[in-house]
2 protein chains.
Amino acid sequence: MTGTTLKEISKALGISISTVSRALKNHPDISSRTKTKVAELANLLDYEPNANAIGLRTNTNKVFGLLIPSISNSFYDSFVAAVEEESRKVGYSIMILQSGDNAEIEVENLKLCRQNRVSGVFVCIASQTQHYEPFNKIKEQKIPLIFFDKVPDSYEGNKVCLADKTSAVLSANTIIQSGKKSVLAFFGNEKLSITAKRVEAFKDCFKNKKIKLETQFCNSMNEVYPQTLSALNKNQKPDAIFCMSDEILCGVMKAVLQLKLTVGKDVSVIAISDGFFPKIYAPEITYVETSGYKLGKAAFTRMMECINDNSEIKEIIIDSVLIQGASI
Amino acid sequence: MTGTTLKEISKALGISISTVSRALKNHPDISSRTKTKVAELANLLDYEPNANAIGLRTNTNKVFGLLIPSISNSFYDSFVAAVEEESRKVGYSIMILQSGDNAEIEVENLKLCRQNRVSGVFVCIASQTQHYEPFNKIKEQKIPLIFFDKVPDSYEGNKVCLADKTSAVLSANTIIQSGKKSVLAFFGNEKLSITAKRVEAFKDCFKNKKIKLETQFCNSMNEVYPQTLSALNKNQKPDAIFCMSDEILCGVMKAVLQLKLTVGKDVSVIAISDGFFPKIYAPEITYVETSGYKLGKAAFTRMMECINDNSEIKEIIIDSVLIQGASI
DNA sequence: AAAAAAATCTCAAACGTTTGCGAAAATGTT
DNA sequence: AACATTTTCGCAAACGTTTGAGATTTTTTT
């Protein structure tokens, strides 16, 4: 009914189940003659190993858990794409679990990973995650755990993240070198430590400079848009705007378009982005690249290291680079 | 070492494994006294059922397979988000498999779904998928199969897709009613049947009208951009541009921005989109909504119907609706 | 107080694989 | 031809759970 099993093949060939099993995995104990016999019949009968049985027997799954706040986000989905791509190459699949940035759902999802005996889990923690026992449980089961992007400060573990400060500093210095005098800087969710770090580093760059700097925290395009609009309508409007994320960039640009300003001439804009959005505008926006794709590749590499030799804990930081557009 | 098992609980409590198993699932045969005893200890010991063992015993997994060309696409990732969200509510997880629009990887992925005994699979076929035996195999195993978005014409099955024609017709009629005289229409991958249908329906609307219509096929923003640029630089430039997708819209708008034209005044624009991109421009773009999110919800609903009562095959079509912006 | 019914629990097989160890068959060595 | 090796294979247990059917205990009925 459902699928061919080793037992069926063994019966049909008059050999034992173990021989069939070994034949299929090219075990040296088995003669090449029976190997081909087995292979042929298995092929004919469309034999496919039962992943559950294997998982039960070996107590692992060829599956990675991937915990993420939301997949509808160009940064995360390029991360996911990268991890999936690499995983497939080595025979792993990925199980995606969204938390909706909700800490409770996050622990549910961690539980799911344990129940499924996944081979490893990648996690980008929710903003309000406070308790780390669920993560400890994962570790107790010897399941490799890789934090990425939003990583916990106060918890030890493998971490792969972007150079938070570098990207902010790079942006700030670009603005300073261009000789701008009044800067409006938009940052994301104030509660996130990544935001805090960036703000601090960014502000530091402007110390002792004769440049006016105003910083604001925003969570969505719909907040940024009106704020930019009113800022640009003031008498002393900013001559440079910094955008910490794509969403913010979109909000800023919407205001810029609304006022029919030309970026790079009437006002300068610089963003932190993974690169898609800056290129949909003309002139293109100058940005500091933070690639979800690269981050994904790095996280995957780290995961494989953990699986192969359960080595010590590492924190990896992906550097960012400035991509010149014509907006500043 | 790894995790608590039923056996351990049963031994500790001096009762049989089956009693423990039944107690945990609230079976009527078990007294409430032992139920609470079991529940307490299970809780204390952090018992978590082994998904592999359950899967092996019951021959199913609480997992849906999700086959998709690429997840880095706002339409698909909102689809994925919707399916994941709903699945979680009923205790299912999703396994994401990208084909990269490659038919061979697609069959590999289908195989993975079978090996994992998933409870159901959602699939958006690759553009060149020709052979349907792998899908038959899925069906033979009584695994519910839901095609979505890019569905095969020549293959019977459950299908959930957007009203291809309606969205094109809606766009066309909006253009006609606005009194435009020269239309430039960009469509996506020429080989896809969905494209063919839309083109045909779109063209039909313009029959017997005194409107100039030029259609072009494009696959990326980088193609659309220069083409739009040159079209808008001609003497008789189009007064309305139709964009079949978000990517095309971005390409068109880049040219519009480049030329410092104002949408809705200098040139009209209308798109088919799931709604994010049209709203990042000012004025906002008028579009026909085709929501990946809604499609996901519908596909999920259909999946649950299939799981509950293995009813007959259905084809569901999600209607589209015009969202007014100021671009036409 | 005995018989019948109901409630509660246990046994044991099964799901499909993997794997250590021992058995049989083939080959090589004196 | 007898023995030692090597090659090839089979046995059986184990992974953790579910489930039908039977066993035991408790409660109800007569």
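Not measured: the values here are computed from a predicted model. Numbers restart at 1 for each chain; the letters A, B, ... are given by sequence-line order, proteins then strands.
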Contacts of B/D29 that satisfy salt bridge (charged side-chain N to carboxylate O under 4.0 Å, His left out) - sequence neighbours left out: none

Length of the line joining B/K7:NZ and C/dT10:P, which is rounded to integer Å: 16 Å

Sequence neighbours excluded - salt bridge (charged side-chain N to carboxylate O under 4.0 Å, His left out) pairs with any residue from residues 125-139 of chain A: A/K137-B/D46

d(CG, B/N61; P, C/dC15) in whole Å: 18 Å

Check: B/R117 side chain, C/dG16 base, donor-acceptor under 3.5 Å: no

Identified side chain to side chain contact (heavy atoms under 4.5 Å, CB included) partner of B/C113 from the options B/L66, B/L67, B/V63: B/L67

Stretch residues 11-19 of chain B: residues that reach within less than 4.0 Å of DNA chain D through a heavy atom: B/I17, B/S18

Pairs flagged by ring-ring contact (aromatic ring centres under 6.0 Å, His included) wherever residues 80-116 of chain B is involved - sequence neighbours left out: B/F64-B/Y92

DNA chain C contacts among residues 29-51 of chain B, heavy-atom distance under 4.0 Å: B/D29, B/I30, B/S31, B/T34

Nucleotide D/dA14, atom P - distance to CG of A/L56 in whole Å: 14 Å

Nearest-angstrom distance from the residue atom CG of A/N52 to C1' of C/dT17: 11 Å

Atom-pair distance (CG on A/L6; C1' on C/dC15), nearest Å: 13 Å

Residues that B/E315 engages under salt bridge (charged side-chain N to carboxylate O under 4.0 Å, His left out), provided they are two or more places apart: B/K159

Salt bridge (charged side-chain N to carboxylate O under 4.0 Å, His left out) against A/K294, all qualifying residues, sequence neighbours excluded: A/E289

Donor-acceptor contact present, side-chain B/N102 to main-chain B/E104, <3.5 Å: yes

Check: D/dT17 base within 3.5 Å donor-acceptor of B/R22 side chain: no

Gap between atoms CD and P, on B/Q141 and C/dG16 respectively (whole Å): 11 Å

Residue list, salt bridge (charged side-chain N to carboxylate O under 4.0 Å, His left out) with B/E85, at least two apart or on another chain: B/K297

Length of the CG-P vector between A/N59 and C/dT19, whole Å: 12 Å

Spacing between A/L24 atom CG and C/dT17 atom C1', to the nearest angstrom: 11 Å

side-chain contact (heavy atoms from CB on, under 4.5 Å) partners of B/K111, counting only residues at least two apart: A/E48, B/E108, B/R114, B/Q115

